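The structure appears right after this line, and notes come after that.
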Amino acid sequence: MEQHETMSVDVIIIGAGPAGLASAIRLAQLTKTNNIELNICVLEKGSTVGSHIIAGAVLEPRSLNELIPDWQKLGAPLNTKVTSDAFWFLTRQHHYKLPTPPQMRNHGNYVISLGALCKWLAVQAEQLGVQIFPGFAAIEPIYDAQNRVIGVKTGAMGIDKNGMKTKHYQPGINILAKYTICAEGSRGSLTKMLIKHYDLQQNSDPQTYGLGIKELWEIPETQHKSGTVIHSVGWPLDSATFGGGFIYHLDPNIVAIGLVVGLDYQNPYLNPYAEMQRFKQHPSIRKMLSSGRCIEYGARVINEGGWQSIPKLTFPGGLLVGCAAGFVNVPKIKGIHTAIKSGMLAAENVFTALQKDSAPAELTLYTAAIHNSWIAKELQAVRNIRPAFHKGLWFGLAYSALDTYILRGKAPWTLRNHADHLQLKPATNFKPINYPRYDNVISFDRMTSLDRSNVNHEENQPPHLLLKDPAVAININWKVYAAPEQRYCPAGVYEILQRNDQAYLQINAQNCLHCKACDVKDPTQNITWVPPEGGGGPNYSGM
Amino acid sequence: MKCLVAIKQVIDPYVTIRIKADNSAVETNNVKMAMNPFDEIAIEEAVRQKEAGKITEIIAISIGTTACQETLRQALARGADQAILIETNEQFGPLQIAKILTKIAQQQNPQLFILGKQAIDDDCNQTGQMLAGLLNWAQGTFVSELEIDDSTKATVVREVDGGLETLRLTLPAVITTDLRLNEPRYISLPNVMQAKRKTLQVIPLDDLGLNLCNNIKTLQVTPPHARKSGVKVTSVPELIDKLKNEAKVI
């Protein structure tokens, strides 16, 4: 075994997103008020803070107010107040205004770039003495003899595509910590290992996901209404598929537009990317984007499981925060406020534990803190809405209205979630979908869009999308499901090609946007996403 | 032997360049920035010379906004001993930059000043040459090999049009790096940590007391024409016909 360099810190946080940075900031604040020194480190696989961050996003500032009450004075990038809310039902040609459900009312909220907010949070954290290391991925937890997590390993750099060391080889290092806070976001690879290792999901429903695809457009000032927030259901998705669109106008002259498709869809011919391109061609939307230009593109899976899918939150030596746990409020379409709040609660419990317990202990008090917080109240009340859409859009909408207006979230039952990858049906049950051609004005082919995500990976490195059994890709994925990964991957990573009359799966790993859709949706869970060499991936700037 | 290395912050080479809607400049707001790749080679070379015992101290210098500190931290993580930021919000051309670097060289008295041969944003390829002229030092440009013979002499191999040219320079000298000089290594996590503790001095440009006037004005920045989509031809005669009669290239 190769000897790895080791360094020790008090707390290691995996991921510089809103949950991770809120944890870091809250911990650092507590060290200041109590006059205690703590070594707090944040690892981030993106090349800079914010480069892998993507969200809608409308921010409910509740938890930011709690974390940094004077954020306004400190110049937080909350520049666009929501001025109007609309909820549209779309048909191919028209839009009908539906009453905006109370969860979707955004008075007092802000349209933001989450990437910009994270960059700002990182500056606040560093000023408090937190050390942030972008460009370094945590690849696996380190366990001690008592089966406790005592830190993480970072990935090696400079290994070629055959797994051999190049002359630039740099081994990973072991970062030992008293506590490890997992803030990787939705479907984190380290979190996935921990959930499996400690069987954290055993008493909860499977986690479910949606795939969000987003673009930023710069549009003429005359078409722009700052603070406009529009959500849509219906077209282009069929009524059996859960999902919807969002359109947010933010300063200066930017429109954030996107489509979220529930990954429990059944038709393997469904192509979320093509649905998104079609969505923009709706007459009401096309009008908004015309004479504009698309400046950024990205995609990411979003947790949709809600309260009943939240895994056990703690294990010896660490805990899960934010979307690594899955605190998204689906009807609100928001998870940043809960991510920040969960990070703060985690930090408070880690801080208390560091004062008395012999680390690494299991911080079950954190779970109690979540259960006693407004996060639990919010998520419990809306827990039945997403699963009600298993029966289609119309049942879902009707049930949501009943649940929201009559039962007021107090239904004595809980609807269950199902695992997304098990919902796909064999291709023989469906006909291929004929998507319209891209016009290169409003809709674009996948490679043109991908260029706008500024994705980059060192090419000479081992693939980071692993097949447990390469034969399954052809014998099951291709033969039974018509290789759905060719369509659900928003980055065109997967292609079925022919060589000597034999079909094979080509994996273009350098295109990968780190969205994790394949890790979620692959019907036999044959695809595993692992972190590539640190710094690889998209380089989002305003997402 | 003391060595100065000039560092420019540029838009990350892997980011797609976008022009501002009013055609006034390239959009840099919120865009990921990085160290100019030729400057990475420059700092790597200085570090290798230090590892070989030829150089004792490396100082990285950048001129620009406070955001350039991030790039200087990278230089420190790559192995520079200390860094200096000459802070200014103004944009300068090569001559003004060379004048500022001249002032720093006069203060620091290095034996070697290494720069990237050009920055990938403006592609000027002038600063090193101007700096050598202003200092009245020897210069070795487009260098693909550097050998420091002793404290007074260095031998360089230059990439010139016809092949390679070997020169012996009297120190102090200005060196500008070509692509083949070296391949920069990965930055390790412990080195990033150490870099946070190294000295990064910020000096406002006005403190240098230089009289700089920018004599270049950018009138307009426009993107190249978008490539038209191609057509598939069915036969060689059709291809030749199109090349002859449509494209008129043969």
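Just the heavy atoms: all of them, side chains too, but no hydrogens, waters or symmetry mates, feed the values below. Here the structure is a predicted model, which is why all the values come from computation and not from measurement. Chain A is the first sequence line, chain B the second, and so forth, proteins listed ahead of strands; every chain is numbered from 1.
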Point to revise | Residues forming a ring pair (Phe, Tyr, Trp, His ring centres under 6.0 Å) with Phe136(A), sequence neighbours excluded | key: none
Practice item. For each of Ser188(B), Ala34(B), Pro184(B), tally heavy-atom pairs with chain A at distances under 4.5 Å, and name the one with the top tally. Key: Ser188(B)
Revision key, fill the gap. Looking only at Ile187(B), Thr16(B), Asp12(B), Val31(B), the option with the highest number of non-hydrogen pairs under 4.5 Å against chain A is Thr16(B)
Practice item. Quick one: do Asn23(B) and Gln220(B) satisfy side chain to side chain donor-acceptor pair (under 3.5 Å)? Show the steps, please. Key: CA-CA 6 Å; Asn23(B) 288 76; Gln220(B) 200 182 43; 5.5 Å; no
Practice item. Give me the ring orientation class for Phe444(A) and Trp217(A): parallel if the planes are under 30° apart, tilted from 30 to 60°, perpendicular past 60°. Key: tilted
Exercise for review: For the residue pair His224(A) and His249(A), categorise the inter-ring angle as parallel (less than 30°), tilted (30 to 60°) or perpendicular (more than 60°).
Suggested key: tilted
**Study point:** Which portion of Thr154(A) sits near chain B, non-hydrogen atoms under 4.5 angstrom
**Key:** side chain
Point to revise | Qualifying side-chain hydrogen bond (donor to acceptor under 3.5 Å, both in side chains) pairs with a residue from residues 118-128 of chain A, counting only residues at least two apart or across chains | key: none
Check your understanding: In residues 190-200 of chain B, which residues are in contact with chain A at a heavy-atom separation under 4.5 Å?
Key -> Pro190(B), Val192(B), Met193(B), Lys196(B)
Point to revise | Part of residues 37-76 of chain B lying next to chain A, heavy-atom separation under 4.5 Å | key: Glu70(B)
Review point. Which of the residues Asp451(A), Leu43(A), Ile295(A) is involved in the greatest number of heavy-atom pairs with chain B at under 4.5 angstrom?
Key: Ile295(A)
Check your understanding: Any side-chain heavy atom of Val441(A) within less than 4.5 Å of one from Leu289(A)?
Key -> no
Point to revise | Side chain to side chain, Glu215(A) and Arg452(A), heavy atoms closer than 4.5 Å | key: no
Exercise for review: Please lay out, stage by stage, how Met7(A) and Asn39(A) fare under the test side-chain contact (heavy atoms from CB on, under 4.5 Å).
Suggested key: CA-CA 11 Å; Met7(A) 57 180 251; Asn39(A) 191 345; over 6 Å; no
Check your understanding: For Thr155(B) and Asp149(B), does a side-chain donor sit closer than 3.5 Å to a side-chain acceptor?
Key -> yes
**Study point:** Distance-only donor-acceptor check, side chains Lys32(B) and Ser47(A), under 3.5 Å
**Key:** yes
Review point. For Asn539(A) and Ser541(A), what are the C-alpha separation, side-chain angles and deciding distance, and is it a side-chain contact (heavy atoms from CB on, under 4.5 Å)?
Key: CA-CA 6 Å; Asn539(A) 283 294; Ser541(A) 61; over 6 Å; no
